[in-house]
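Beneath this line is the structure, given in structure tokens, with notes to follow.
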Amino acid sequence: MGAPNLDAIRISNLLSLSAVKIFPARKQTSGELLKGGHGTGFFWESERDLYLITNWHNVCAWDPVTDKALSEKGFTPNCIELVLELAVDVGDGRIKRDARTAVVDLFDIDGTPTWFEHEKFGRKVDVIALKIATLDDVKLLNPALNTYSSFVDYEIAAGDDAYILGYPLGLDGGPRLPIWKRASIATEPHYDLDGLPKMLVDTATRKGMSGGPAIAVRRGIIKPRGATDFGQNIIGTAERFLGVYSGRIGNDEFGAQLGIVWKSSVVDEIVHRKIRGKSPFEL
């Protein structure tokens, strides 16, 4: 069979284009990339700069809680490989998907990490931002989540539905499209668990989804934040960005089945403050 015709694929939810598979890797002296697994990320836009958002443990291959290497072989990445989906205007109002593989260095020439992390909590917040491009005249088909116009700002609550978008066990939900894993908000969302900006979700996620976006979904009658009368309510389905997923609690896939989501506010804080990250090997 030949390659699928990506132009003919109908996308039922544009958020399916937001989560990208990433490959932490090491550049060899030969120029070859040695990949050390895979994870998930998504994009964020600030002042025409495009950032990849993912987990600190994805770019360091290091567990920020146990302070140990995630790889038994001691693999540590120095770059990230990912595929960008460009939208090429071919005329007559038609857009063609153009996939481009990109490799982004994780360290400057002097060995300084290129990613940004949380100013106050550092690696304790398992989220980083990595600048990958200046948009200029490039039109990216993958939407930066903070530019997604269909999100609704409503008050989330414990028990609300949510989905984690990612690539469990490396599986795709279509050509370069994520799997939507169902979840529900398991802790009070306005409470900072362990004194950190995080919450728990009830979900049967699997390896490879770390760094993916968590999307809250509510169906029925939705009251947007600030609405003062019934006529401003939305009837149907509303989605909002919940935060960044960073893995399960414990190693047992059939244990508590609780996942960690870092609150959406940390992404803006990291991108705007631009505090250079630290590798686990720095003193």
- State which residues pass salt bridge (Lys or Arg N to Asp or Glu O under 4.0 Å) with Lys263; sequence neighbours excluded, sorted by chain then number. Asp192
- Task: Determine the interplanar angle of the Trp115 and Phe107 rings, folded into 0 to 90°, and report it as parallel if under 30°, tilted if 30 to 60°, perpendicular if over 60°.
- Result: perpendicular
- Those residues that, when tested against Asp67, pass salt bridge (Lys or Arg N to Asp or Glu O under 4.0 Å) (two or more places apart): Arg123
- Query: Listed by chain and number, what are the side-chain hydrogen bond (donor to acceptor under 3.5 Å, both in side chains) partners of Gln232, not counting sequence neighbours?
  - Reply: Thr228
- Kindly check if the number of other-residue, nucleotide or ligand heavy atoms within 6.0 Å of NZ (Lys120) is above 12? no
- Task: For Asp98, enumerate each residue passing the salt bridge (Lys or Arg N to Asp or Glu O under 4.0 Å) test, keeping only those at least two apart in sequence or located in another chain.
- Result: Arg100
- Item | Partner residues of Lys124 under the side-chain hydrogen bond (donor to acceptor under 3.5 Å, both in side chains) criterion, sequence neighbours left out | none
- Could you list the residues that satisfy side-chain hydrogen bond (donor to acceptor under 3.5 Å, both in side chains) with Asn78, not counting sequence neighbours? none
- Exceeds 12 heavy-atom contacts within 6.0 angstrom, atom CZ of Arg276: yes
- Set of residues satisfying ring pair (Phe, Tyr, Trp, His ring centres under 6.0 Å) with respect to Phe42, sequence neighbours excluded: Phe241
- Note on the structure: Across all chains, not counting sequence neighbours, the side-chain hydrogen bond (donor to acceptor under 3.5 Å, both in side chains) partners of Asp105 are Lys27
- Message: When you measure from the side chain of Thr237 to the backbone of Arg219, do you find a donor-acceptor pair of N or O atoms at a distance under 3.5 Å?
- Response: no
- Note on the structure: Nearest heavy-atom contact between Gly37 and Pro24 is O-CD, 3.7 Å
- Task: State which residues pass ring pair (Phe, Tyr, Trp, His ring centres under 6.0 Å) with Tyr163; sequence neighbours excluded, sorted by chain then number.
- Result: Trp180
- Note on the structure: Sorted by chain and number, sequence neighbours left out, salt bridge (Lys or Arg N to Asp or Glu O under 4.0 Å) with Arg225 holds for Asp153, Glu155
- Message: Suppose we screen for ring pair (Phe, Tyr, Trp, His ring centres under 6.0 Å). Which residues come up paired with Phe151, at least two apart in sequence or across chains?
- Response: Tyr148
- Sorted by first residue and then second, give each salt bridge (charged side-chain N to carboxylate O under 4.0 Å, His left out) pair with at least one member in residues 31-44; sequence neighbours left out. Lys35-Glu81
- Ile53 vs Trp262 side-chain heavy atoms within contact, under 4.5 Å: no
